Amino acid sequence: MVVGAEPVGELELVRTFTGAMPTGVAVSHTGRIFVNFPQWGDEPPAALVEVRDDREVPFPDQRWNSPARDDDEQAFVSVQNMVVDPLDRLWVVDTGSPLFRPTRPGGPKLVRVDLDTDTVAQVITFPPAVVPPTSYLNDVRFDLRRGRAGIAYLTDSAVTGPNGIVVVDLASGRSWRRLHEHPSTAAEPLHGYRPVVEGRPLLDRPADGPPRALTIGADGIAISADGSRLYYAPLIGRRWHSVPTDALADASLPEEEVADTVVDEGDKGTGSDGLESDDAGRLYLTAYEHNAVLRRLPDGRFETVLHDPRLLWPDTLVVAADRHLYVTANQVHRQPMYQGGRDLRRKPYALFRTPIDAGPVLLR
């Protein structure tokens with residue numbers, strides 16, 4: 001597949017950010033916009049904000065954005081992403097890992113904020129057997145039809161430890177780990193893959209040492225329109241995979257039987273950060289090597305939804321109820337850790353959207 005040199009698609013600027021670098025975006029069913037800023041060195045004044053009247057307001061309040069320590073169960077330690085679920089509730093993915101430090105129980109968590117009252121209604125933490133100290137929880141998807149309150153699926157994109165999928169029963173808070181150290185959840189540098197962004201190989205380039213291949217695993221995640229399959233991809237890799245949600249949700253199923261159900265979805269032609277799906281059965285993926293967003297149709301064909309030089313590292317994707325696809329562009333690859341200690345990012349960072357003829361997947 002060749003992405004043309006001319007811009008593709010209608011790229012509408014929603015907001016720019018002149019402070020810390022954002023990663024995730026979430027849009028409520030009524031159009032409220034939420035953005036998060038991970039603790040990667042920019043020292044954001046708030047981990048999670050709502051964009052209100054051109055202001056960035058700490059959400060749900062300043063207390064939740066003022067952690068006392070890395071294992072604070074009642075505050076956001078380092079938010080990587082958040083998602084609005086089918087019932088229009090905001091779920092926040094807290095890595096508990098500022099500056100990618102090892103996590104401690106209580107830091108990594110999934111937090112539900114009810115948007116009708118703007119208050120925290122549920123906090124789910126994880127035992128070390130499910131989210132070990134090396135973990136880095138990244139993104140989440142929901143199916144509220146399973147069990148009494150639904151099931152959540154999260155990717156663990158750990159940089160230095162094993163990758164996998166974390167499954168959560170939302171009623172009890174019980175969680176279990178799937179595809180732990182499975183090849184499909186791991187990065188691909190050992191297989192010869194090396195991403196190239198803005199004409200330069202993307203490597204871990206510390207200021208005081210030799211460059212190394214990146215090893216960031218399962219990152220983007222999307223659930224099919226009927227809820228039967230979960231799609232996922234490593235940040236460092238061009239292949240993606242899917243697994244039946246029945247296999248993930250059955251905590252009694254032996255791990256080897258879950259692994260046997262994994263399907264290799266092929267080479268998607270690009271490294272991807274975010275994945276998303278719509279209610280028309282299409283799958284979206286960012287293409288950080290090409291400043292683009294691609295879409296796979298139900299018949300397996302790929303098409304370019306967006307291609308624009310302003311999409312410098314398209315990160316999180318969200319299909320919203322307003323029938324737009326939202327995407328953050330945050331220049332991740334220009335951070336000092338990838339540039340020999342030099343910060344090559346040029347503010348502002350941006351949030352864009354484009355109209356699509358579909359809405360979000362609402363499994364409720």
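Only this structure's heavy atoms are used, side chains among them; waters, hydrogens and symmetry mates stay out. Numbers here simply count residues along the sequence, with the first being 1. Please read all numbers here as calculations on a predicted model, not as lab measurements.
The aromatic rings of Tyr136 and Trp40 lie tilted to each other, with the angle between the two planes from 30° to 60°. Using cut-offs of 30° and 60° for the angle between ring planes, the Trp64 and Phe76 rings count as tilted. Taking the six-membered ring for Trp and thresholds of 30 and 60 degrees, Trp313 and Tyr288 have nearly parallel ring planes, at less than 30 degrees apart.
Under 3.5 Å, the side chains of Asn36 and Thr23 contain a donor-acceptor pair of N or O atoms. Using modelled atom types and a 3.5 Å distance limit, the side chains of Ser172 and Asp169 yield a donor-acceptor pair. Counting only N and O atoms by type, the side chains of Arg345 and Gln339 include no donor and acceptor under 3.5 Å apart. Between Ser157 and Thr155, the side chains place no donor N or O within less than 3.5 Å of an acceptor N or O (distance only, hydrogens not considered). Checked by atom type, the side-chain pair Arg146/Thr245 shows a donor-acceptor distance below 3.5 Å. In the model, His333 has a side-chain atom that pairs as donor or acceptor with a side-chain atom of Glu198 under 3.5 Å.
Between Arg212 and Asp204, at least one side-chain nitrogen of the basic residue sits less than 4.0 Å from a carboxylate oxygen of the acidic one, meeting the salt-bridge criterion. With respect to the salt-bridge test (charged N to carboxylate O, under 4.0 angstrom), the residues Arg63 and Asp61 do not qualify. Using a 4.0 Å cut-off between charged nitrogen and carboxylate oxygen, Arg178 and Asp250 do not count as a salt-bridge pair. Ion pair Asp42/Lys347 not flagged as a salt bridge, since none of the NZ, NE, NH1 or NH2 atoms sits closer than 4.0 Å to an Asp/Glu carboxylate oxygen. We find that Asp322 and Arg353 are joined by a salt bridge, their nearest charged nitrogen and carboxylate oxygen being less than 4.0 Å apart. Contact check on Glu73 versus Lys109 returns no salt bridge, with no Lys/Arg side-chain nitrogen under 4.0 Å from an Asp/Glu carboxylate oxygen. We find that Asp88 and Arg32 are not joined by a salt bridge, their nearest charged nitrogen and carboxylate oxygen being 4.0 Å or further apart. Ion pairing between a basic and an acidic side chain is recognised when a charged N comes within 4.0 Å of a carboxylate O; Asp116 and Arg89 show no such pairing.
Between Ile221 and Tyr153, the shortest heavy-atom contact is CD1-O, 3.5 Å. Scanning all heavy atoms of the two residues, the minimum distance from Ile216 to Val159 falls at CG1-CG2, 3.9 Å. Looking at every heavy atom in both residues, Ala187 comes nearest to Asn163 through N-OD1, 4.4 Å. Contact between Gln62 and Pro45 at its shortest, heavy atoms only, is NE2-O, 3.8 Å. Across every non-hydrogen atom of Asn138 and Gln80, the tightest pair is O-CG, 3.4 Å.
The environment of CZ in Arg52 is crowded: more than 12 heavy-atom neighbours from other residues, nucleotides or ligands sit within 6.0 Å. Within 6.0 Å of CD in Glu10 there are 12 or fewer heavy atoms belonging to other residues, nucleotides or ligands. Annotation: Glu43, atom CD; neighbour count of heavy atoms from other residues, nucleotides and ligands within 6.0 Å does not exceed 12. Within a 6.0 Å radius of CG in Asp299, more than 12 heavy atoms belonging to other residues, nucleotides or ligands are found. No more than 12 heavy-atom neighbours from other residues, nucleotides or ligands sit within 6.0 angstrom of CZ on Arg148.
Contact annotation: the side chain of Phe142 never approaches that of Leu87 to less than 4.5 Å [non-hydrogen atoms, C-beta and beyond]. Leu285 has its side chain out of reach of Tyr231: every pair of non-hydrogen atoms, C-beta onward, lies at least 4.5 Å apart. Between Leu110 and Arg112, the closest side-chain pair of non-hydrogen atoms is not below 4.5 Å. By the 4.5 Å heavy-atom criterion applied to side chains, Arg104 and Pro133 are not counted as neighbours. Phe126 places none of its side-chain heavy atoms less than 4.5 Å from the side chain of Thr103.
Only one option out of Glu303, Glu276, Glu265 pairs with Arg296 in a salt bridge (Lys or Arg N to Asp or Glu O under 4.0 Å); it is Glu265.
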